[in-house]
Amino acid sequence: MSGKNALWVPGTDHASIATEAKVVNKLKEDGINKDDLSRDEFLKHAWEWTDKHGGIILNQLQKLGASCDWDRTCFTMDEVRSRGVIKSFIDLYDQGYIYRGIRMINWDTKAQTAVSDEEVIYKEVQSKLYYLRYKIEGTEDEYVTIATTRPETILGDTAVCVNPNDERFRHLKGKRVLVPLINRSIPIIEDEYVDMEFGTGCLKITPAHDINDYEIGMRHNLKSYDILNDDGTMSEAAQIYIGEDRFDVRKKIVVDLEKAGNLVKIEDYTNKVGFSERTDDIIEPKLSTQWFLKMKGLSKPALDAVMNDEVVFHPKKFKNVYRHWMENVKDWCISRQLWWGHRIPVYYLEDGSFVVAETAEQALEKAKEKTGNANLTMNDLRQDEDVLDTWASSWLWPITVFDGFEDNEDINYYYPTNDLVTGHDIIFFWVARMIIAGYHFKGKYPFKNVYFTGMVRDKLRRKMSKSLGNSPEPLKLIKKYGADGVRVGMLLCSPAGGDLLFDDSLPEQGRNFANKIWNAFRLVKGWEVSSDIEQPESAKQAIMWFEQKLNQTIALIDDHFSKYRISDALMTVYTTFWQEFSSWYLEAVKPAYQQPLDAETYKATVEFFDKLLRLLHPFMPFITEEIWQLLDERKEGESIMVSDMPVASKTNNEVVEQFEMIKEVVGNVRTIRKEKNLPMKEQLSLSVLSANGDYSSTFDAVMEKLANLKEINKVSGKVEGALSFMVKTNEYFVPMDGLVDVEAEIKRLEDELKYQQGFLKSVTAKLSNERFVNNAPEAVVAKERQKQADAEAKIKTLQASIENLKK
RNA sequence: GGGCGAUUAGCUCAGUUGGUUCAGAGCACUUGGUUUACACCCAAGGGGUCGGGGGUUCGACUCCCUCAUCGCCCA
């Protein structure tokens with residue numbers, strides 16, 4: 001509508017862990033065990049599942065009227081995107097950013113895969129702190145006591161650690177203790193990591209199952225026993241309870257420890273435990289061989305770009321969150337022990353060495369080259385069984401949607417893109433990594449702006465979740481309130497980066513607005529138009545005003561859009577349509593019952609309506625198109641979608657301000673009607689007393705119509721037996737034929753006088769403050785002087801009126 | 001434990017570089033309304049010491065400090 005080549009590429013990712021888990025479950029229901037399937041057979045099921053469910057979100061977007069280029073719909077696992085992922089892997093490997101190594105990773109025992117740090121959700125849980133005593137080797141009954149929340153892990157202990165500054169344990173230096181139940185002899189070591197205040201001040205060290213213990217183990221050259229199998233049962237290394245589940249063992253071992261005399265006490269304890277984002281399994285820190293991406297150097301340009309606003313965050317407050325993460329970024333574990341995903345393009349030889357290549361054929365070539373053995377065959381190569389983290393494909397999105405690892409017109413034209421719209425919950429998962437990838441692979445940011453939408457929550461501020469069942473079903477909402485209603489309702493109260501507490505009243509408000517637009521259309525379309533009648537003065541004036549009001553609105557909307565204040569832009573057009581257009585303008589031009597409307601006014605009204613529809617179209621695509629087509633003759637194929645967005649011309653502010661006064665006068669007259677029980681139908685007279693004789697009658701005709709006046713008299717003195725009110729410095733009188741309650745009127749005027757006097761006092765105080773007059777900008781001072789003059793005039797008028805009434 | 005952010009009307013939130021007696025919007029509420037576009041409506045209204053305290057300034061919802069409460073992120 002603004003003449004830009006606007007492209008919104010729709011697409012979905014393959015959500016590897018979540019999808020694989022769903023497919024495994026579904027297979028289980030069908031009596032099929034994943035392990036009994038070949039990789040290819042399993043993938044067939046996964047594709048079937050994806051075909052069935054992957055389109056749901058796109059369908060919802062379509063129903064919502066999202067203006068995407070649907071022909072370009074992408075999927076992270078489709079051919080083009082996959083090619084890009086593999087290429088990027090090879091590129092990063094060749095440049096030394098990707099490495100394979102044994103590291104402490106987060107292990108999901110349900111999905112039986114590693115997950116990244118970002119996929120671990122820490123939750124507070126009520127647990128127990130177990131105090132256990134370890135016998136000191138070579139003594140009869142000397143012990144040290146440690147505290148742990150995970151007693152089963154003692155089977156993997158390889159040391160007990162105390163703080164070297166801890167006087168209490170001086171005597172233990174160089175001694176050894178025995179691990180309860182299995183009587184393994186382990187050393188007592190010293191490390192400043194130990195918090196002397198916590199527990200007993202003695203810490204058991206299990207390098208294989210805790211990240212901190214792992215680091216201490218590295219520092220002290222400790223052995224490490226991995227006592228857990230991948231499925232969370234105890235391994236042979238545990239020596240006892242082999243094959244039993246970790247949580248069953250926790251219960252059992254406490255009983256056994258008590259029997260053996262090693263249990264000192266149990267305390268209630270609240271601690272944070274990591275859960276898998278996808279399976280909700282309790283994450284096990286585990287030593288494992290995985291693929292990693294070095295992040296530090298790679299992320300530097302991306303950090304700088306956001307900090308210096310080369311990439312602009314809306315709202316800005318997320319810059320800090322971003323910086324904090326980027327400055328502490330750790331290497332990214334990108335391998336997953338799954339089948340659903342991009343298989344890692346690494347091919348191993350018999351001897352464990354490997355080559356990295358796009359295809360098996362290329363791998364074979366590389367392998368021959370590497371080994372100097374020309375007789376190698378495919379059978380000598382074994383591709384890595386693992387796949388890549390889903391985000392390792394999503395992070396390339398701004399590039400791969402344009403097939404950007406190949407040179408082509410699209411990527412050159414569209415990259416870098418303008419705006420990313422997303423939720424702040426994936427600022428690390430996605431946003432940060434896309435920026436990193438953009439700079440690395442394209443040498444330039446992937447998008448200029450990041451707009452963080454509001455996050456929809458329920459009324460209790462809880463996130464929408466399937467398990468809570470608190471998420472409204474989009475298609476149902478659309479059915480009930482209309483797509484436009486849902487869009488408007490949600491967007492009206494959804495500032496960037498804030499929370500949006502969902503309630504049915506939201507889409508309801510949107511629906512009501514759509515209804516209002518429709519009714520306004522019915523009114524306009526229902527008028528009988530006659531070119532024989534003359535245009536009433538009131539209509540002429542209303543048109544003159546609304547033209548300027550609309551100009552002002554357009555300028556304001558433009559300003560909001562330029563600042564990414566989407567809700568404000570919508571609210572502006574919302575109130576303009578409802579308040580200004582429907583309640584003021586249409587009422588002002590509306591002909592009397594069953595009377596025709598003059599052609600000129602009709603034409604202007606349709607033009608205004610047309611412009612308003614176009615301003616509304618980005619927010620309400622369906623109703624605006626429908627009405628736009630019916631509002632006027634349209635050519636074949638014409639659509640509001642590609643009509644011109646109205647452009648603001650210079651606003652005559654004086655006209656707008658004058659009309660605001662008219663509104664105030666009309667409002668005052670209506671109040672008088674209500675207070676005095678004067679029916680709307682009864683015509684009233686209005687007299688105006690202008691303090692300095694500069695009363696403008698520009699909008700008198702409109703005023704007469706809207707307040708239902710039979711006349712407006714300019715007077716030069718107070719009107720007796722009338723109710724009065726002031727707007728700016730003008731005084732207005734509505735004659736009452738003796739209906740005036742003098743006492744009440746005096747009281748009202750005195751209240752007003754009191755207020756004005758207080759006001760004048762504050763303004764005068766300000767103006768008599770030399771420092772204010774000297775320091776404040778001239779415009780501010782001038783304004784204050786104007787206020788002072790107005791207040792003085794008003795006070796004079798009020799005093800005179802009161803005197804008059806008291807006579 | 002570390003960091004970030006919030007606290008404005010009954011509710012959800014604006015308040016755009018400190019400057020109208022400025023405290024605003026929507027919803028909700030009250031009152032009145034069968035004016036044939038709309039009761040999913042119209043009109044009029046009530047309602048907030050801008051979390052507490054202190055400071056800077058001629059001037060603070062806005063800047064600084066502090067306390068309280070809440071939320072989020074990270075360990």
Side-chain angles (χ1 to χ4, degrees), chain A residues 117-118 120-122 195 198 211-212 272 274 315 317-325 327-328 330 424-425 427-428 454-455 457 459 461 463 481 485 489 492-495 497-503 505-506 508-527 559-560 562-565 567-568 570-572 574-575 578-579 582-583 586-587 590 592-594 666-675 677 679-681 708 755-756 758-763 765-777 779-784 786-788 790-791:
Chain A
D117 294 339
E118 287 68 34
V120 181
I121 313 288
Y122 288 88
D195 179 356
F198 184 81
I211 181 67
N212 298 307
K272 295 246 177 151
K317 66 177 177 185
F318 288 108
K319 278 170 77 171
N320 275 329
V321 181
Y322 179 86
R323 187 185 64 213
H324 191 252
W325 187 78
E327 282 175 349
N328 299 290
K330 306 220 175 59
H424 64 255
D425 54 335
I427 186 168
F428 311 133
M455 298 286 294
R457 294 168 180 278
K459 269 181 279 189
R461 268 188 198 285
K463 273 189 182 173
Y481 299 107
L492 269 177
C493 59
S494 167
D499 284 341
L500 194 169
L501 274 55
F502 181 81
D503 185 273
S505 69
L506 267 45
E508 200 177 293
Q509 189 188 350
R511 190 256 336 250
N512 292 353
F513 182 48
N515 202 46
K516 183 72 189 178
I517 298 171
W518 181 254
N519 280 313
F521 166 70
R522 278 182 49 206
L523 173 71
V524 172
K525 220 40 197 176
W527 282 331
D559 185 53
H560 284 319
S562 74
K563 290 170 180 158
Y564 286 73
R565 302 163 72 99
S567 294
D568 290 333
L570 173 56
M571 184 55 87
T572 303
Y574 174 93
T575 51
W578 203 316
Q579 250 64 258
S582 299
S583 296
L586 288 180
E587 291 301 329
K590 191 160 133 184
Y593 182 49
Q594 286 191 335
V666 172
N668 271 297
V669 174
R670 283 173 179 162
T671 309
I672 288 175
R673 279 183 191 279
K674 194 185 171 193
E675 279 172 1
N677 268 322
M680 276 297 170
K681 282 177 185 163
N708 196 18
Y755 173 87
Q756 290 296 338
F759 176 58
L760 178 65
K761 201 174 151 198
S762 84
V763 176
K766 204 181 259 188
L767 281 167
S768 52
N769 184 335
E770 263 180 54
R771 280 187 291 184
F772 169 71
V773 180
N774 295 336
N775 294 328
V780 175
V781 178
K783 253 185 193 172
E784 293 298 315
Q786 182 61 49
K787 283 194 293 189
Q788 187 183 34
D790 285 357

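None of these values were measured; they are calculated from a predicted model. Protein chains get the first letters and strands the later ones, always in sequence-line order, with residue 1 at the start of each.
In plain terms, the two heavy atoms of A:Leu492 and A:Ser567 that are nearest each other are O-CB, 3.9 Å. Closest heavy-atom contact between A:Leu506 and A:Leu501: CD2-O, 3.7 Å.
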Query - Nucleotide-resolved protein contact map, nucleotides 23-36 of chain B, B/S/- at heavy-atom distance under 4.0 Å - result: --SSS---B---BB
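Atom P of B:U57 sits at a distance of 16 Å from the matching atom of B:C64, rounded to the whole Å. Going from the P atom of B:U30 to that of B:U69 covers 36 Å, rounded to whole Å. Separating the C1' atom of B:U56 from that of B:U16 is a span of 23 Å, rounded to the nearest Å. Of the C1' atoms belonging to B:G1 and B:G54, the separation is 29 Å, rounded to the nearest Å. Atom name C1', nucleotides B:U8 and B:C61: the rounded distance is 7 Å, in whole Å. The same atom, C1', is picked in B:A28 and in B:U66; the two are 37 Å apart, to the nearest Å. Spacing between B:A25 and B:A44 at atom P, rounded to whole Å, works out to 13 Å. Nucleotides B:G15 and B:G24 have their C1' atoms positioned 7 Å apart, rounded to a whole Å.
Rounded to the nearest 0.5 angstrom, A:Asn328 CG and A:Asp117 CG are separated by 12.0 Å. From A:Asn512, atom CG reaches atom CH2 of A:Trp578 across 5.5 Å, with rounding to the nearest 0.5 Å. With rounding to the nearest 0.5 angstrom, the CG atom of A:Asn515 is 9.0 Å from the CZ atom of A:Arg522. Rounded to the nearest 0.5 Å, atoms OH (A:Tyr481) and CZ (A:Arg511) are 6.5 Å apart. A:Arg670 CZ to A:Asn708 CG: the interatomic distance, rounded to the nearest 0.5 Å, is 10.5 Å. The line from CZ of A:Arg323 to CZ of A:Phe318 is 15.0 Å long, rounded to the nearest 0.5 Å.
Atom P of nucleotide B:G5 and atom CG of A:Asn320 are separated by 5 Å, given to the nearest angstrom. Spacing between atom NZ of A:Lys319 and atom C1' of B:G3 amounts to 17 Å, rounded to whole angstrom units. B:C4 atom C1' lies 13 Å from atom CD of A:Glu327, rounded to whole Å. Per the geometry, CG belonging to A:Asp559 stands 13 Å off P belonging to B:G15, to the nearest Å. We find that OH of A:Tyr122 is positioned 9 Å from C1' of B:C74, with the value rounded to whole Å. The separation between A:Ile427 atom CD1 and B:C74 atom P is 11 Å, rounded to whole Å. The CZ atom of A:Arg522 sits 13 Å away from the C1' atom of B:A39 (whole-angstrom rounding). Going from atom NZ of A:Lys317 over to atom C1' of B:A6 covers 7 Å, rounded to whole Å.
Considering only side-chain atoms of A:Asp568, the nucleotide from B:G3, B:C40, B:A14 that sits closest is B:A14. Listed candidates were B:A75, B:C4, B:C73. Nearest to the side chain of A:Phe428 is B:C73. Considering only the side chain of A:Leu586, B:A37 comes nearest among B:A75, B:C73, B:A37.
Each of A:Lys330 and A:Val524 has a nearest nucleotide on RNA chain B; the 5'-most of these lies closest to A:Val524. Mapping A:Arg670 and A:Asn512 onto RNA chain B by nearest heavy atom places A:Asn512 at the nucleotide closer to the 5' end.
At a threshold of 4.5 Å between non-hydrogen side-chain atoms, the residues A:Phe521 and A:Ile517 do not count as touching. Side-chain atoms of A:Arg673 and A:Val669, non-hydrogen and from C-beta on, do get closer than 4.5 Å to each other. Taking the side chain as every heavy atom from C-beta outward, A:Asp568 and A:Asp559 never approach each other to under 4.5 Å.
Glycosidic conformation of B:U21: syn, with the torsion inside 90° of 0.
The base of B:A37 lies close enough to the side chain of A:Glu587 for a donor and an acceptor atom to sit less than 3.5 Å apart.
Residue contacts shown for A:Phe521 are absent, as no nucleic acid heavy atom lies under 4.0 Å away. A:Asn515 comes within 4.0 angstrom of a nucleotide base, judged by non-hydrogen atoms across all strands.
One N or O on the side chain of A:Thr575 and one on the backbone of A:Thr572 form a donor-acceptor pair closer than 3.5 Å.
For RNA chain B, each stem of at least three Watson-Crick or G-U pairs (distances under 3.5 Å) is given as range with range: B:1-7 with B:68-74, B:10-13 with B:24-27, B:29-33 with B:41-45, B:51-55 with B:63-67.
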Which atoms of nucleotides 10-13 of chain B (N or O only) lie under 3.5 Å from a protein N or O atom, and what are those distances?
from, atom 1, to, atom 2, distance (Å)
B:C13, OP2, A:Arg461, NH2, 2.7

